[in-house]
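Notes follow once the structure below has been shown.
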Amino acid sequence: QVQLLESGGGQVEPGGSLRLSCAPSERTASPYTMAWFRRVPGKERDFVSSIVWTAGITNYAESVKGRFTISRDVAKKTLYLQMNSLKSEDTAVYYCAGARSPTAFRYTDSNSYDYWGQGTQVTVSS
């Protein structure tokens, strides 16, 4: 079972920036799509952004468009999320996820993803 390792979380003031990274813990085949989700305690895990690994096609939740940028380094098999103009409502645990196949795939649906990271806490507070 592939494990993903996230890093880059922390605490930042409103308006600040953070960059999250995610890489597999072992050698693995390239995914079909990778994504970031986030969860606030007591709520469902919400879609943030996704990228089709080979084609580089990206998608974003409306709440983060224009502020967050997803990218990947294909050679390093590393996924990134650049988060700018952070708001208090961005506070959450952020998870990266990978999907192996386009079959029946919906990029906003967490059930479409096959493997996940443990999560990294992002706190936006003054």
Side-chain angles (χ1 to χ4, degrees):
Q1 181 73 3
V2 176
Q3 292 287 325
L4 298 173
L5 302 175
E6 300 113 332
S7 61
Q11 182 166 344
V12 64
E13 293 186 350
S17 298
L18 283 174
R19 189 193 196 205
L20 306 182
S21 299
C22 169
S25 60
E26 58 192 56
R27 290 188 61 169
T28 183
S30 293
Y32 166 63
T33 291
M34 292 197 72
W36 292 97
F37 285 76
R38 64 187 181 187
R39 176 181 280 164
V40 174
K43 294 191 175 181
E44 296 286 323
R45 188 154 44 186
D46 289 332
F47 170 78
V48 175
S49 183
S50 66
I51 186 165
V52 179
W53 195 254
T54 301
I57 298 169
T58 59
N59 290 285
Y60 295 93
E62 284 297 324
S63 59
V64 306
K65 275 184 181 178
R67 300 188 299 122
F68 291 11
T69 302
I70 192 170
S71 62
R72 85 280 192 234
D73 184 321
V74 174
K76 294 181 180 179
K77 293 191 174 180
T78 301
L79 178 72
Y80 302 101
L81 186 67
Q82 178 67 44
M83 305 185 294
N84 298 329
S85 302
L86 282 160
K87 305 175 182 180
S88 58
E89 50 263 45
D90 295 318
T91 296
V93 177
Y94 284 71
Y95 300 87
C96 64
R100 294 190 180 94
S101 168
T103 303
F105 180 80
R106 293 175 56 196
Y107 63 84
T108 58
D109 184 357
S110 62
N111 293 318
S112 287
Y113 294 84
D114 301 299
Y115 46 92
W116 293 81
Q118 300 277 6
T120 185
Q121 176 71 47
V122 171
T123 302
V124 184
S125 172
S126 56

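Start at 1 with the first residue, then count along the sequence.
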#### Entry: Distance (rounded to the nearest 0.5 Å) between Tyr80 OH and Ile70 CD1
12.5 Å

### Message
Give me the atom names and distance for the closest heavy-atom approach of Gly10 to Leu18.
### Response
O-CD1, 3.9 Å

### Task
Measure from the side-chain N and O atoms of Glu6 to the backbone N and O of Cys96, and report whether any donor-acceptor pair falls under 3.5 Å.
yes

### Query
With distance as the sole test, does Thr78 use its side chain to make a donor-acceptor pair with the main-chain N or O of Ala23 at under 3.5 Å?
no

### Query
Closest approach of Thr33 and Ser50, non-hydrogen atoms and distance?
CG2-CB, 4.0 Å

### Query
About how many Å separate CD of Gln11 and CD of Glu13, when rounded to the nearest 0.5 Å?
8.5 Å

### Message
Return the OG1 to CZ distance between Thr120 and Arg38, rounded to the nearest 0.5 Å.
### Response
14.0 Å

#### Entry: Trp116: ring-ring contact (aromatic ring centres under 6.0 Å, His included) partners, not counting sequence neighbours
Phe37

### Query
Side chains of Leu79 and Leu4: does their closest heavy-atom pair fall under 4.5 Å?
no

### Summary
Hits for ring-ring contact (aromatic ring centres under 6.0 Å, His included) against Phe68, two or more places apart or cross-chain, chain-then-number order -> none

### Minimum heavy-atom distance Ser17-Asn84, with the two atoms named
OG-OD1, 2.9 Å

### Query
Is there a path from Tyr107 to Tyr115 through hydrophobic residues (I, L, V, M, F, W, Y) whose side chains come within less than 4.5 Å of each other?
no

### Message
I'd like to know if the side chain of Ser49 reaches the main chain of Asn59, judged simply by a donor and an acceptor atom lying under 3.5 Å from each other, with no hydrogens or angles considered.
### Response
yes

### Task
Determine the minimum heavy-atom distance between Ser21 and Trp36, stating which atoms define it.
O-CH2, 3.7 Å

### Test item: Thr108 side-chain N/O and Phe47 main-chain N/O as donor-acceptor pair under 3.5 Å
no

### Query
Quick one: OH on Tyr113 to OH on Tyr32, what's the gap to the nearest 0.5 Å?
9.0 Å

#### Entry: Distance-minimising heavy-atom pair for Pro24 and Val2
CB-CG1, 4.3 Å

### Query
Are any non-hydrogen side-chain atoms of Tyr60 and Thr69 less than 4.5 angstrom apart?
yes

### Query
Just how far is it from atom OG1 of Thr28 to atom NZ of Lys77, taken to the nearest 0.5 Å?
6.0 Å

### Query
Any sub-3.5 Å donor-acceptor pair from Ser88's side-chain atoms to Val124's backbone N or O?
no

